[in-house]
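Structure first, then comments.
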Amino acid sequence: MATFALTWVYWEEIERTMTTTDNRRLFYDLDRDDLLGFVEAGGWPRYRADQLYDWQQKGITDFSEMKNVPKTIREALSDSFIAAPMSLVSLEASAFDGTKKALFQLMDGHAIETVLMRYGEQRSVCVSSQVGCAMGCTFCASTGLGFVRNLSVGELIGQVLLMRKESREPLTHVTVMGIGEPLLNLSALIPFIHRLSDPKGLNISMRRITVSTCGLPDMMLELANAALPINVAVSLHAPNQKLREQLMPIAKQVDLETLFDACRQLITKTGRRITFEYALFDKVNDRDEDAMELADRLHGMLCHVNLIPANEIAGVPYRKSPADRVKRFLALLEKRRIVASVRRELGSDITAACGQLRRKRESWITP
Ligand code: SAH
């Protein structure tokens, strides 16, 4: 609680200095080719572009930090670009498992959250893809806070670079599982994935990047056409159309068979196993017949089911399935030869878990 009180103070401070009239682009929106274009247009040697890129990778937030770059270039940069993609408002660390949660303020005053999780040697950053979310899942803490806007590619990569800088942790994995529906922001998501995997940059292999979607077939096909060897996770949460509509209003617009067809096409295009996320809610979707129906629906598909012990959210009527239920559900799937596992619960003391991001803060932040 102490951390949150502190955050409140920070926020008031920031609000007073907020820039909303600045129409320069973000420096982090520039990729390597853009930087080269900028350097060439200024008549400077090409190696300057590599230097600018290296500074971006280090997570600079002020052009004056670029010690080996001449002042003329730094001034030209600041005439056209904003150095920082966002500023850090708070960074909390879980006392249990070292999960870290950052609250960032974007340049237009909106706020987003980014989480770093640790499992053994792995360091995984979970990024938000939008400010708010429009999908309306009935069990999710982001629902009700409204959708504001998509994040730009610079704001996506900025979360990863600043989290790496602030936490001083080398990163191995990235998941796009924070707030928002990433497939409604494909025009930033695809370049973001390319930038993450750039060998001269973060060099995170696409096999270590996971994008989670509530399952929008048209967008999934568009993603399939990009043929990126990333992991795609589909939030399924129900074995049939009726229950899915109850949990996820977006399902009213997406027939389950059409969704599974899109999944099959994605599997064929990328050759990669798809993950189905299934949060278990007590007596809602965790009964034996749900497990059996789910196994029947997924039979023969190259997939993996990730069972998530649900996170209980204040004001949400669903309760978490008891541990023995989760175990039984898993066993029923495995008995029917469905590859499945139960997701570890991390960061529970700092509300860094699925669906909990942003909510706590909303009572004090209205950008
Ligand atoms: N819009 C994307 C990604 C954001 S949510 C999607 O729907 O996949 C990330 C994951 O957290 C999704 O699987 C979502 O369904 C899950 N989630 C949201 N609220 C949850 C809760 N209370 N308990 C468990 N999982 C939750």
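For ligands, and for the atoms within them, numbers begin at 1 and follow the listed sequence. Below, all heavy atoms of this structure are taken into account, side chains as well, without hydrogens, waters or symmetry copies.
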Mark up the atoms of ligand 1 that fall under 4.0 Å of a heavy atom belonging to [X], in ascending order.
{"X": "I313", "value": "22 (N)"}
{"X": "S212", "value": "2 (C), 3 (C), 6 (C), 8 (O)"}
{"X": "C214", "value": "6 (C), 7 (O), 8 (O)"}

Check your understanding: Taking 4.0 angstrom as the limit, do R328 and D288 come out as a salt bridge?
Key ->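 Yes, this pair counts.
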
Revision key, fill the gap. Heavy-atom proximity to atom 13 (O) of ligand 1 ranks first, among A310, A134, S235, for S235

Point to revise | Heavy-atom nearest neighbour of atom 15 (O) of ligand 1 within options K320, M248, H237 | key: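 Nearest heavy atom to atom 15 (O) of ligand 1 lies in H237.
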
Does the side chain of [X] pick up a donor-acceptor pair with the side chain of [Y] at under 3.5 Å?
{"X": "H173", "Y": "T210", "result": "no"}
{"X": "R48", "Y": "Q51", "result": "yes"}
{"X": "Q159", "Y": "E155", "result": "no"}
{"X": "Y278", "Y": "D290", "result": "no"}

**Study point:** N/O separation below 3.5 Å, G178 to ligand 1
**Key:** no

Review point. If we only count N/O pairs under 3.5 Å, is G180 in contact with ligand 1?
Key: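 Between G180 and ligand 1 (N or O atoms, distance only) the closest approach is under 3.5 Å.
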
**Study point:** ligand 1-proximal atoms of C140, by part, heavy-atom distance under 4.0 Å
**Key:**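 Both parts.
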
Check your understanding: How does E181 reach ligand 1, by side chain, by backbone, by both or by neither, if only non-hydrogen atoms under 4.0 Å count?
Key -> both

Exercise for review: Start with the C-alpha gap between S152 and D29, add the side-chain angles, then the distance that decides, and say whether side chain to side chain donor-acceptor pair (under 3.5 Å) holds.
Suggested key: CA-CA 7 Å; S152 75; D29 277 335; 2.9 Å; yes

Practice item. Could you give me the CA-CA distance, side-chain angles and deciding distance for V176 and I193, then say whether side-chain contact (heavy atoms from CB on, under 4.5 Å) is met? Key: CA-CA 10 Å; V176 189; I193 293 168; 5.9 Å; no

